[in-house]
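Some notes on the structure that comes next.
First listed ligand is number 1; within each ligand, the first listed atom is number 1. FYI, side chains are in, hydrogens and waters are out, and symmetry mates aren't considered; it's all heavy atoms of this structure.
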Amino acid sequence: MRTLNTLLIVSFLLGSPLATQQQASPQVNATFIETKAQRDRRMSWWREARFGMFIHWGLYAVPAGEYNGKRSDRIGEWIMEWADIPRADYEKFAGQFNPVKFDAKEWVRIAKDAGMKYIVITSKHHDGFAMYGSKVSNYNIVDATPYRRDPIRELAAEAKKQGLKFCFYYSILDWHYPAAFVDAPGKNPTAGNRTTKLRPGGKDEYVKYMKEQLRELITIYDPAVLWFDGEWQDWWTEADGQELYHYVRTLKPDIIINNRVGRGRQGMQGMSKTDQEYAGDFGTPEQQVPANGLPGVDWESCMTMNTTWGFKFYDDKWKSPEVIIRNLIDIASKGGNYLLNVGPTAEGLIPAPSVERLAAVGKWMKLNGASIYGTTASLFSTQLKFGRATSKPGLVYLHIFDWPTDGALRVPAWGKTVTKAYLLTTPARSLKFNKSADGVTLQLPAQAVDPIATVVVLETK
Ligand code: FHN
């Protein structure tokens with residue numbers, strides 16, 4: 001039998017990025033020692049929040065999906081790749097980037113009124129352009145554009161003022177870094193590409209460069225989350241990810257870091273592999289929602305509102321408010337967070353279709369937020385036919401998508417006894433219900449309160 005000390009050291013060394021909340025032993029993430037209680041405290045605001053705004057904003061908003069008359073159904077922020085734009089030509093967009101209509105107060109208001117609790121903005125995407133006043137590279141919005149202002153500083157201050165957590169996206173892939181080059185048939189060596197190579201000695205140099213940028217981002221803007229991306233490079237290893245994870249947490253111990261800092265992510269499915277411990281605090285499914293709940297696992301699904309992250313003026317494949325609201329509910333019912341994207345224009349405006357949809361989500365969240373914030377995954381063993389469920393101690397929130405035509409809602413048994421039922425919007429008016437061995441049947445009003453999703457609260461013991 002191993003001694004306790006050995007156990008603790010071993011578990012410290014092992015650590016688990018997707019450490020389940022139930023795990024007993026203290027956790028280590030990339031040699032960063034914390035107990036389960038410390039981890040729960042660090043993650044608590046994030047687990048409560050459930051809903052955040054992703055912002056993809058950068059030089060790619062200037063061509064907005066078109067280059068030399070060439071368009072693509074590919075994502076807009078990858079135009080340097082799919083239009084094969086050499087670095088020297090892409091840099092010219094900086095001279096045209098002047099977002100005079102940018103209004104930090106308005107952006108934060110739009111997020112807050114939608115019911116979002118945190119904002120994750122691209123400090124640097126794959127094109128390597130810094131959307132903040134970087135002292136490490138002059139390829140940034142203050143030094144390289146006619147705008148000469150730091151919108152990130154304004155957004156960070158405004159988010160703090162309006163009570164939202166401010167967070168950064170940072171790309172490990174950097175098409176602009178001098179030591180990086182593309183070695184792919186028919187591709188310009190300085191254009192964008194899924195993978196780059198680094199000339200000899202270039203990796204150490206680049207890791208040093210990244211660390212300097214991360215230091216200024218963390219010490220100047222105090223982000224609550226670091227959302228890494230672009231980690232799929234051959235030259236980037238899990239060990240690099242563990243080391244960078246430790247570096248960032250040493251700069252800000254209570255920061256939260258996604259699992260794209262290392263090499264654990266299983267593609268767009270987004271959760272980390274389990275063959276070993278991987279760096280990162282939460283899984284990152286992209287453009288998808290896990291089929292089944294992942295109770296006790298920290299994960300966040302990121303999604304576009306149309307089909308691009310960065311602004312493309314001709315992409316009008318917008319999701320409906322119904323799809324967006326039901327995604328949020330579906331994700332919360334499986335124990336996850338929803339990071340919903342906007343792609344602002346080069347003028348600094350969030351596209352009107354995005355603003356309209358966020359306002360519609362906000363209208364629903366104003367009435368039903370209690371059934372999302374601070375909840376945990378559904379306790380039902382199978383997917384509910386009529387909708388989804390979220391939980392709190394002694395409470396179940398039923399999110400009804402399909403209103404029963406006969407007004408009788410059949411809820412399968414799940415091991416708890418219902419003591420009271422009511423619509424979330426009219427708590428004083430109890431609903432009648434009959435209990436049976438296989439569950440309860442609720443008597444609902446003829447009409448749904450909200451056809452997108454009406455919430456019924458069950459008090460249980
Ligand atoms: O390549 C990026 C893409 O541009 C976008 O940033 C998304 C957002 O999660 N992540 C990468 C694709 O997985």
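Interface of His56 with ligand 1, defined as ligand atoms under 4.0 Å from a residue heavy atom, comprises 5 (C), 6 (O), 8 (C). Near Trp78, with a cut-off below 4.0 Å to any heavy atom, the atoms of ligand 1 are 1 (O), 2 (C), 3 (C), 4 (O). Counting atoms of ligand 1 from 1 in the listed order, those under 4.0 Å from a heavy atom of Tyr169 are 6 (O). Proximity to Glu77 (heavy-atom distance under 4.0 Å) selects the following atoms of ligand 1: 3 (C), 4 (O), 5 (C). Short contacts between ligand 1 and Met268, defined as distances under 4.0 Å to a heavy atom of the residue, involve ligand atoms 13 (O). Of all atoms in ligand 1, listed by their number and element, those nearer than 4.0 Å to a heavy atom of His125 are 3 (C), 4 (O), 5 (C), 6 (O). Of all the atoms in ligand 1, the ones that sit under 4.0 Å from a non-hydrogen atom of Cys302 are 9 (O). Heavy-atom proximity to Trp227, at under 4.0 Å, picks out these atoms of ligand 1: 9 (O).
The shortest contact between atom 10 (N) of ligand 1 and any protein heavy atom is with Asp229 OD2, 2.7 Å. In this structure, the protein non-hydrogen atom closest to atom 12 (C) of ligand 1 is Glu286 OE2, 3.2 Å.
With ring centers used as reference points, Trp82 lies 6.0 Å or more from His126. For an aromatic pair to be called close, the ring centres must be under 6.0 Å apart, and Tyr90 with Trp175 fails this. In this structure, Trp107 has its ring center under 6.0 Å from that of Phe102. With ring centers used as reference points, His56 lies under 6.0 Å from Phe54. The distance between the ring centers of Trp236 and Tyr206 does not fall below 6.0 angstrom.
The side chain of Trp232, and not its backbone, has at least one atom closer than 4.0 Å to an atom of ligand 1 (non-hydrogen atoms only; side chain from C-beta on). Heavy atoms of Arg260 found under 4.0 angstrom from ligand 1 belong exclusively to the side chain.
For the residue pair Asn259 / Ser272, a side-chain donor-acceptor distance below 3.5 Å is found, with atom types taken as modelled.
Proximity of a side-chain donor or acceptor of Glu77 to a complementary backbone N or O of His125 within less than 3.5 Å is not detected.
In this structure the side chain of Asp89 reaches within 4.5 angstrom of the side chain of Tyr67, judged on heavy atoms.
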